[in-house]
Each structure stands twice: as C-alpha cells, then as structure tokens.
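No hydrogens, no waters, no symmetry mates; every other heavy atom, side chains included, goes into these values. Atoms within each ligand, like the ligands themselves, are counted from 1 in listed order.
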Amino acid sequence: ADTTDPAVLRELIAGELAAARERTGRLTDCVEDDELVAQHSPLMSPLVWDLAHIGNQEELWLLRNVGGRDPMHPEIDPLYDAFEHPRAERPSLPLLPPKEARGYAHDVRGRVLDLLAASPLEGSPLLDAGFAFGMIVQHEQQHDETMLITHQLRKGPAALTAPAPPDHADRLPAEVLVPAGPFSMGTDTEPWALDNERPAHRVELPAYWLDTAPVSNAAYQVFIADGGYDDPRWWTERGWAHRQQAGLSAPLFWSLDGGQWMRRRFGTLEPVPPREPVLHVSWYEADAYARWAGRRLPTEAEWEKAARHDPATGRSRRFPWGDESPTPAHANLGQQHLQPAPVGSYPAGQSPYGVRQLIGDVWEWTSSDFHGYPGFRVWPYKEYSEVFFGPEYKVLRGGSFAVAPVACRGTFRNWDYPVRRQIFSGFRTARYAGEET
Ligand code: AVJ
Ligand code: FE
C-alpha cells in the first residue's frame with residue numbers, strides 16, 4: 001500500500017482502528033458483566049477498566065491533543081490514569097459500569113472517525129504518517145493482550161477458543177552462529193515506532209551462538225527433573241530469594257498429576273505439550289535455566305541482530321523475513337491461536353541466519369535492562385517509556401501469539417519486572433562463540 005497517498009493511509013488507519021475494536025469486543029463480550037467488573041488477579045485490572053481506559057487514551061490523544069476538542073467527561077480522567085491508581089486499587093474505584101464503558105469508547109470512536117476524515121496526516125510531528133492514530137491503535141492492541149492475560153488468569157470454563165497453530169516444525173540444528181561485526185539497531189524510518197525504538201544506532205558485537213528456536217517445554221522439564229529449582233548455583237542472589245519466597249517449582253499454570261505435568265490454558269487442563277516453547281516463566285527462571293544449560297540469555301542487541309541484520313546487504317530489515325508486514329505464514333501473531341506453535345515452526349518467517357520464531361509465539365526475555373538508546377528523546381510522553389528506564393525492568397523481544405501485527409516489528413521493545421510470569425513470556429539462550437557448552 002502506498003501510504004504516502006493520504007486516502008490510502010486514512011483507509012489503513014480506519015481498518016486498524018476497526019480491527020483493534022473488534023478484538024476488544026471479542027475479549028469483553030464473551031463474559032457476563034459481573035466478570036467484567038471482577039478482579040481476577042491483583043496483578044490485573046478489571047476488564048471494564050481496560051475498556052474505558054482504551055477509550056480515555058483515544059479521547060486524550062486524538063480528540064483533545066490532535067483535534068483540539070474539550071474533554072467529554074473530565075471527571076473520569078483520573079480514574080483511568082494508570083499512574084494515579086495501581087492495578088490492585090482499580091476495582092474499588094467508581095468505574096464506569098460495563099454499558100457506560102462500552103458507550104463511552106463507542107462515542108469517542110465515532111468522533112475519531114470524523115476527525116480522521118477531516119484531518120491532514122502531515123504538517124506536525126503528531127500527525128505525520130498518522131503517528132498519533134498509529135500510537136492509539138497500538139495502545140488498544142497492547143491492552144487487548146493485557147486483557148487476554150486476564151482471561152488466562154480467570155477461573156472457570158473457557159470463554160475464548162481458537163484453533164491450534166499449524167504444526168510444520170522442522171528438525172533444525174540447535175543453534176546458529178552469528179559472526180562478529182556491526183549492525184544497525186533501532187529505527188529512524190519506521191513511521192509508527194515508539195520512542196524507545198529510536199534512534200537507529202550502530203552496535204558492534206562479538207560472535208555468538210543463538211538458539212535456533214525458543215526453549216521447549218521438553219527441555220525445560222529436564223531442568224526441572226535435574227533439580228534446577230533446588231540448586232542455588234543456577235540462580236542469581238535475587239532470583240534465588242524470589243524462588244524461595246514465592247515457592248517456585250515450575251512455570252505458572254503448571255501442576256503435577258501422578259508424574260505428568262499438566263498446564264491450565266484458558267480454562268482447560270491439558271498435558272504440557274513437549275514441543276511447544278515454554279511459556280509463563282519469569283526472568284529469574286529463564287536466567288537460571290540458561291546457566292544450568294551452560295549458557296546465558298542473549299542481550300537485546302544480540303536478539304535484534306539475529307532478527308534484523310542481513311549479512312548480504314549489511315542493512316537491518318523490519319522483520320526477520322524481510323520488510324513485508326507479517327502474514328499468517330510468517331509468524332504466530334494476533335490471537336489467531338491461543339498458544340505458541342511447536343519449536344522449529346514458521347520456516348517462512350526465519351531470519352537470514354536461519355533463526356526461527358523470533359517474531360510471535362512467545363515474548364523472549366533478554367539479559368538487558370530497559371534503557372533509552374543513545375540519543376533517546378521522549379516522544380510524545382515520558383510515561384510511555386522513560387519513567388521505566390533503569391535496572392528494575394528487563395527487556396522482552398519479539399512478541400507473543402497475543403501481539404497484533406501492527407504492534408510488532410523487529411525493533412519493538414517490551415519490558416517487565418524479572419518476577420513477572422503471568423505475561424506470555426518464554427526465552428531462548430545464547431553463548432559467546434568459542435566457549436564450551
Ligand atoms: C509496553 C506493554 C509495557 O502494557 O504496560 C499500555 C504498554 N503503555 N498503556 C503496558 C502500555 C500504556 C505497556 N507495555
Ligand atoms: Fe494504557
């Protein structure tokens with residue numbers, strides 16, 4: 001699509017807005033009102049909070065900041081400001097009830113579509129390439145992933161179903177060599193990239209080996225069976241303290257049934273599928289597994305070089321497979337499936353080095369703390385990224401099956417506390433070239 005043509009860009013934005021709202025509807029229409037207002041875990045907001053927060057952010061950025069309109073309901077703004085009220089506190093707030101929350105998001109959207117039809121898509125940094133619209137589309141899709149996490153935490157029978165992902169896994173070498181050399185990390189050209197993905201900058205890396213695919217449940221079970229959870233040698237000091245205090249012994253949602261590991265997944269209990277990437281592990285568990293295996297987590301630069309660098313041209317791609325937007329043949333994205341695909345799947349999505357499943361399936365923990373790149377500038381608000389910079393947060397890369405294509409690319413960065421594992425998190429491991437395994 002020629003997005004320099006404003007009519008084409010408008011149509012693309014309208015389509016993405018509609019797709020995000022359709023998904024929000026699927027996540028909130030499949031349960032009764034009492035489940036929308038309930039808090040299913042202290043880690044998560046009630047679904048009805050996410051719903052109105054989506055509408056409120058859209059009103060703030062598009063109707064007020066871009067369109068110059070007055071607030072529709074200024075009294076509700078503080079309720080939906082994520083920094084005013086931590087998640088644990090949200091169910092006790094006088095939130096809009098489900099019908100009103102839906103109505104508010106719907107009213108905002110109607111006005112946004114009018115604004116989109118009338119607005120130029122250039123002439124100011126917020127408007128250029130439709131950036132503010134793109135940011136809001138990504139925001140809604142990110143909250144849709146958050147709501148899917150709430151669904152996974154929810155008790156009771158399944159409210160959502162989806163077909164299993166295609167099983168076209170190949171048997172592959174366990175790891176690939178990425179030779180030493182520079183590459184271009186981050187972006188100056190991706191129109192809807194968020195501030196923490198910018199600017200593009202050159203990074204020089206020594207040679208390393210990287211797992212061809214994410215670590216599987218089968219491999220992770222060997223770590224468990226080998227006493228990995230009981231051996232402080234594999235854990236950082238903080239990781240071991242957390243493992244003791246939280247009583248960790250397996251990934252979240254796993255349970256033992258007469259010697260068989262089972263996992264709860266969106267309301268169903270099933271045997272842990274050995275070939276699937278391990279899911280719902282904390283950074284501490286991923287890091288301990290890597291050390292037990294005689295390896296380490298990759299840095300985010302190593303992850304991105306493996307995902308984007310094209311050794312034939314020396315340039316960085318948007319995605320491992322090239323510059324084209326993801327299709328279902330490339331990656332498991334967009335909540336098309338409610339689980340990752342077997343390790344070694346998605347041959348069409350592999351990178352020039354032959355690395356698989358970098359995009360989609362599971363978020364991948366890296367060893368890196370979340371920081372701004374050299375030359376980082378807040379854009380357009382410091383609460384998106386900058387307030388989280390520092391050693392408290394670890395970076396995750398690649399996106400899960402719950403990430404929408406529009407909110408995913410080779411430069412995209414996610415972050416969370418190293419204890420978190422209700423998120424759709426897995427990992428792969430690395431080692432410096434020349435080291436013994
Ligand atoms: C980038 C996924 C960490 O969900 O906390 C949503 C995205 N920012 N609303 C989050 C976000 C503001 C953010 N993550
Ligand atoms: Fe938000």
Side-chain angles (χ1 to χ4, degrees), residues 20-21 23-24 27-28 41-62 65 76-90 93 95 101 104-105 108 131-132 134-153 192-198 282-283 300 333 335 362-366 368-372 376 378-390 392-404 406-409 411-425:
R21 190 53 48 88
R23 184 177 176 197
T24 302
L27 287 156
T28 51
S41 156
L43 294 172
M44 308 307 290
S45 314
L47 292 166
V48 78
W49 185 90
D50 288 284
L51 182 54
H53 168 80
I54 286 168
N56 190 242
Q57 286 290 110
E58 186 166 325
E59 190 206 336
L60 257 166
W61 282 101
L62 298 182
N65 293 348
I76 69 169
D77 288 348
L79 298 176
Y80 298 107
D81 180 334
F83 290 87
E84 280 208 34
H85 304 284
R87 284 177 174 177
E89 211 175 286
R90 293 176 192 164
L93 299 172
L95 300 177
Y104 170 56
V108 171
F131 175 81
M135 180 178 80
I136 284 304
V137 161
Q138 293 179 77
H139 181 260
E140 179 159 356
Q141 290 283 7
Q142 287 174 334
H143 276 273
D144 289 344
E145 179 172 21
T146 300
M147 290 195 279
L148 192 64
I149 294 168
T150 305
H151 273 270
Q152 166 63 20
L153 285 161
W192 290 356
L194 300 157
D195 58 0
N196 64 54
E197 299 166 68
R198 305 164 189 262
S282 62
W283 185 90
E300 66 165 326
L333 288 168
Q335 202 184 307
V362 294
W363 282 108
E364 299 181 23
W365 286 113
T366 71
S368 302
D369 296 341
F370 187 44
H371 288 294
F376 170 83
V378 166
W379 171 253
Y381 66 115
K382 70 177 190 321
E383 291 80 10
Y384 184 78
S385 311
E386 196 192 46
V387 299
F388 301 102
F389 289 162
E392 296 297 298
Y393 290 92
K394 297 294 184 190
V395 173
L396 299 114
R397 287 303 202 98
S400 71
F401 60 86
V403 170
V406 73
C408 194
R409 49 203 161 255
T411 56
F412 192 91
R413 305 170 77 200
N414 195 3
W415 62 93
D416 217 324
Y417 291 121
V419 298
R420 287 287 188 253
R421 55 186 206 156
Q422 86 279 15
I423 56 176
F424 300 117
S425 51

Taking 4.0 Å as the limit for heavy-atom contacts, which would you say applies to N414 with ligand 1: side chain only, backbone only, both, or neither?
side chain
Is it true that D369 and K394 make a salt bridge, defined as a side-chain N closer than 4.0 Å to a carboxylate O?
yes
Taking all heavy atoms of W49 and all of L95, pick out the closest pair and write down the distance.
CD1-CD2, 3.6 Å
Answer yes or no: does an N/O atom from W415 fall short of 3.5 Å to an N/O atom of ligand 1?
no
Ligand 1 to Y381 polar contact by distance, N or O atoms, under 3.5 Å:
no
Name the closest protein heavy atom to atom 7 (C) of ligand 1, giving the residue it belongs to and the distance to 0.1 Å.
Q142 OE1, 3.2 Å
List ligand 1 atoms under 4.0 Å from Y384, heavy atoms only on the residue side.
1 (C), 8 (N)
Closer than 4.0 Å: a protein non-hydrogen atom to atom 14 (N) of ligand 1
yes
Nearest heavy-atom approach of W379 to F131 is NE1-CE2, 3.2 Å
Give the atom numbers and elements of ligand 1 that come within less than 4.0 Å of a heavy atom of H139.
6 (C), 9 (N), 12 (C)
Considering only the protein, which heavy-atom contact is closest to atom 5 (O) of ligand 1, and what is its distance?
R87 NH2, 4.8 Å
For the student: nearest non-hydrogen atoms of E59 and Y104, plus distance
OE1-OH, 2.6 Å
Which atom pair, heavy atoms only, marks the closest approach of T24 to T28?
O-OG1, 2.7 Å
Partners meeting ring-ring contact (aromatic ring centres under 6.0 Å, His included) with Y384 (sequence neighbours left out)
W415
Parallel under 30°, tilted from 30 to 60°, perpendicular over 60°: which one fits the rings of F370 and F389?
perpendicular
Taking only non-hydrogen atoms of H143, do any sit less than 4.0 angstrom from ligand 1?
yes
If you define the side chain from C-beta out and look only at heavy atoms, does anything of L148 sit under 4.5 Å from F424?
yes
Tell me whether atom 10 (C) of ligand 1 lies less than 4.0 Å from at least one protein heavy-atom position.
no
On a heavy-atom basis, which atom in C408 and which in V403 lie closest, and how many Å separate them?
CB-CG1, 3.6 Å
Below the 2.8 Å mark, what number of protein N, O or S atoms do you get around the Fe ion (ligand 2)?
3
I'd like to know if R413 and E197 make a salt bridge, using a cut-off of under 4.0 Å between side-chain N and carboxylate O.
no
